[in-house]
Enquirer: 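If you scroll down you'll find the structure; I have some questions about it.
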Amino acid sequence: MDSALSLFYENREFIFLIIVSIFLGIEVISNVPAVLHTPLMSGANAIHGVVIIGSIIIMLEAEPDNYFALILGFLAVVLGTLNVVGGFVVTNRMLEMFKKKEKK
Amino acid sequence: MTELLQNSILEICYLIASVTFILGLKMLSSPDKARKGNLYAAYGMGLAILATILFKEELSSDKMLNYGLILGGLVVGTVIGMRMALKVKMTAMPQMVSFFNGMGGACAAVISIVEFDHISHSGTFEMGMLIVIILGLIIGAVSFAGSIIAYGKLEGKIGDKAFPGGQVINIGLLLAILGLGIYMATMASPEPMYLYILLTLSLLYGILFVMPIGGADMPVVISLLNSFTGVAAAFGGFLYGNQAMLTGGILVGSAGTILTVLMCTAMNRSLMNVIIGSFGGGGAAAGKDSEQGTIKEITATDAAILLAYANKVSVVPGYGLAVAQAQHTVHNLEKILEDKGVEFNYAVHPVAGRMPGHMNVLLAEADVPYPKLQEMEDANGDMASTDVVLVIGANDVVNPAAETDPSSPIYGMPIIKALDAKNIIVMKRSMGKGYAGIENELFFHEKNRMLFGDAKDSLEKLIAEVKNL
């Protein structure tokens, strides 16, 4: 019991942030028209690419002779970059088409 | 630079990034701001990445290899990611999103593995830390394996496979994963071996979870896995006390979940139904195969006459149109018929194509004016006054069984009521079944005529015939 309580207490700010973010996420997209479901999914996909920051932190923390961490960290950076770059570029390509049409 | 200044700059950058993520998502929900929103979020991401590299740690000369590898990884990822994203055809968008989503999941899982190794070398685990590492690993690995299977399925490389007793195996696996995870979390310093068993089980679960789900439900699964990866990223944020990762991840986790539910609503199915009661589930597709009528074919010439002398024509586009890359051709037909005074519009089912809104993207690519795209309810309201409905490469979204046959796997899904129109022309490659793998009695209806052939070829013939009239 005590350990669970202290876990909560030590992380209370994060827990607040999480709860607020959950509601924010729901609120922010609740009025999306069906037309934009696909681009929105793709855009959200790019945003969770923020996980790449974790892979950079791993690399920064790794000892220069810890090849296990360096190799896996490098892999993680590549994977995260793929997620970010691919995600944003694909979303942009989808949305470019909406823009072209609006000029008319 | 003092440490206070450095840390402050870093946190301010993260704050800006978090705001751009929220703004970006918000703007992505409105058609005219969406593109800007995506760019804002991308700039925010770039800023967060740059700030992490520059300000997270003091630059020191003995870590040159680390910085080199980070930059190398960024360059490799950017080059490959750009190439893939720019090369992919619009019809293959859904699987591309799934693939990139899988990469994010894998990234989260790898972070957990390295961090576990890091902490196990430097002392004992705090319980909170360990829970976060374990959850990040499980969710990241499930998301990775599931996304890759979803990618393979949409590419047509992997078929639907339902194993007998698959549900029991899946639930067993899930319990094993949870059990092992909880067991690990209570240990002061768990063996790395446990972590790898957990990784293997999670990967296996991801595969078996997506494997039996029918292709028609794949968008929902991708959206669900998308929110999983968001949650995995948030656990990474927890691990490092990193607000940008936390807000970005949780935002996507909750927005993705809502989006998944919206998609299910568009198909009138519950999420549980999609996950458990899969289309591929054995004999479900049998239905009413026996009572087939006769089908009537129509020649391109007759079809052209029917279209040219109609007052109102409505096109129901489906995946077949997308596959044949016929969106430009259908736009040409629209222009020619409008010159002849025919009222022309598109009745777009919310899940036409392979993802909600997918068809709108494809038609927009062909410069089809936005007001011509009718949403399903409006289209159904106008259907009775429509002279000809032209169903191009669509099947399940016009199948009347969804309204009339409770034994049909798509029963309850809202459809475009093509039957209400005065005439129907279905353009199809063959009598093959739709994605749900069931017969469509619309094809046998007396109002209906079939025009067989590749959608693009048939449309070109129609255009030529209409011009000749």
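Both backbone and side-chain heavy atoms feed into the values below; hydrogens, waters and symmetry mates do not. So you know, we letter chains A, B, ... as the sequences are listed, proteins then strands, and number each from 1.
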Enquirer: Considering only heavy atoms and a distance below 4.5 Å, find which of A/Val84, A/Ile18, A/Asn11, A/Asn66 pairs most often with chain B.
Expert: A/Ile18

Enquirer: Quick one: which of A/Val20, A/Ile58, A/Leu75 has the most heavy-atom pairs under 4.5 Å with chain B, could you say?
Expert: A/Ile58

Enquirer: For residues A/Leu24 and B/Thr247, determine if any side-chain heavy atom of one lies less than 4.5 Å from a side-chain heavy atom of the other.
Expert: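 No, side chains not in contact.
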
Enquirer: Measure from the side-chain N and O atoms of B/Asn66 to the backbone N and O of A/Met59, and report whether any donor-acceptor pair falls under 3.5 Å.
Expert: yes

Enquirer: Below 4.5 Å, heavy-atom pairs only: which of A/Leu40, A/Ile53, A/Leu72, A/Val85 has the largest tally toward chain B?
Expert: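 Ranked by heavy-atom pairs under 4.5 Å with chain B, first place is A/Ile53.
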
Enquirer: Is any side-chain heavy atom of A/Leu82 closer than 4.5 Å to one of B/Ile80?
Expert: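 SC-SC contact between B/Ile80 and A/Leu82 confirmed.
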
Enquirer: Any idea which of A/Leu60, A/Ile22, A/Val90, A/Val89 has the most non-hydrogen atom pairs under 4.5 angstrom with chain B?
Expert: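 Top option by heavy-atom pairs under 4.5 Å: A/Leu60.
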
Enquirer: Should B/Leu28 and A/Leu95 count as side-chain neighbours, where that means a heavy-atom distance under 4.5 Å?
Expert: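 Contact flag for B/Leu28/A/Leu95 side chains = yes.
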
Enquirer: Counting only heavy atoms closer than 4.5 Å, note whether A/Ala62 contacts chain B via side chain, backbone, both or neither.
Expert: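 Looking at A/Ala62, backbone and side chain both touch chain B.
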
Enquirer: What pair of heavy atoms forms the shortest contact from A/Met41 to B/Ile222, and how long is it?
Expert: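 That would be SD-CG2, 3.8 Å.
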
Enquirer: Determine the minimum heavy-atom distance between A/Val51 and B/Gly104, stating which atoms define it.
Expert: CG1-O, 3.9 Å

Enquirer: Taking C-beta and beyond as the side chain, do A/Phe68 and B/Ile113 meet within less than 4.5 Å on heavy atoms?
Expert: yes

Enquirer: Any side-chain heavy atom of B/Leu69 within less than 4.5 Å of one from A/Val77?
Expert: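 Answer no - side chains too far apart.
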
Enquirer: Which of these passes side chain to side chain contact (heavy atoms under 4.5 Å, CB included) with A/Ile52: B/Leu74, B/Ile111, B/Thr52?
Expert: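 Of B/Leu74, B/Ile111, B/Thr52, side chain to side chain contact (heavy atoms under 4.5 Å, CB included) with A/Ile52 is met by B/Leu74 alone.
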
Enquirer: Check the surroundings of atom NZ in B/Lys36: do more than 12 heavy atoms from other residues, nucleotides or ligands lie under 6.0 Å from it?
Expert: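 No, not enclosed.
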
Enquirer: Top residue by heavy-atom pair count (under 4.5 Å) with chain A, among B/Lys26, B/Glu375, B/Met245?
Expert: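 Looking at each option in turn, the highest pair count goes to B/Met245.
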
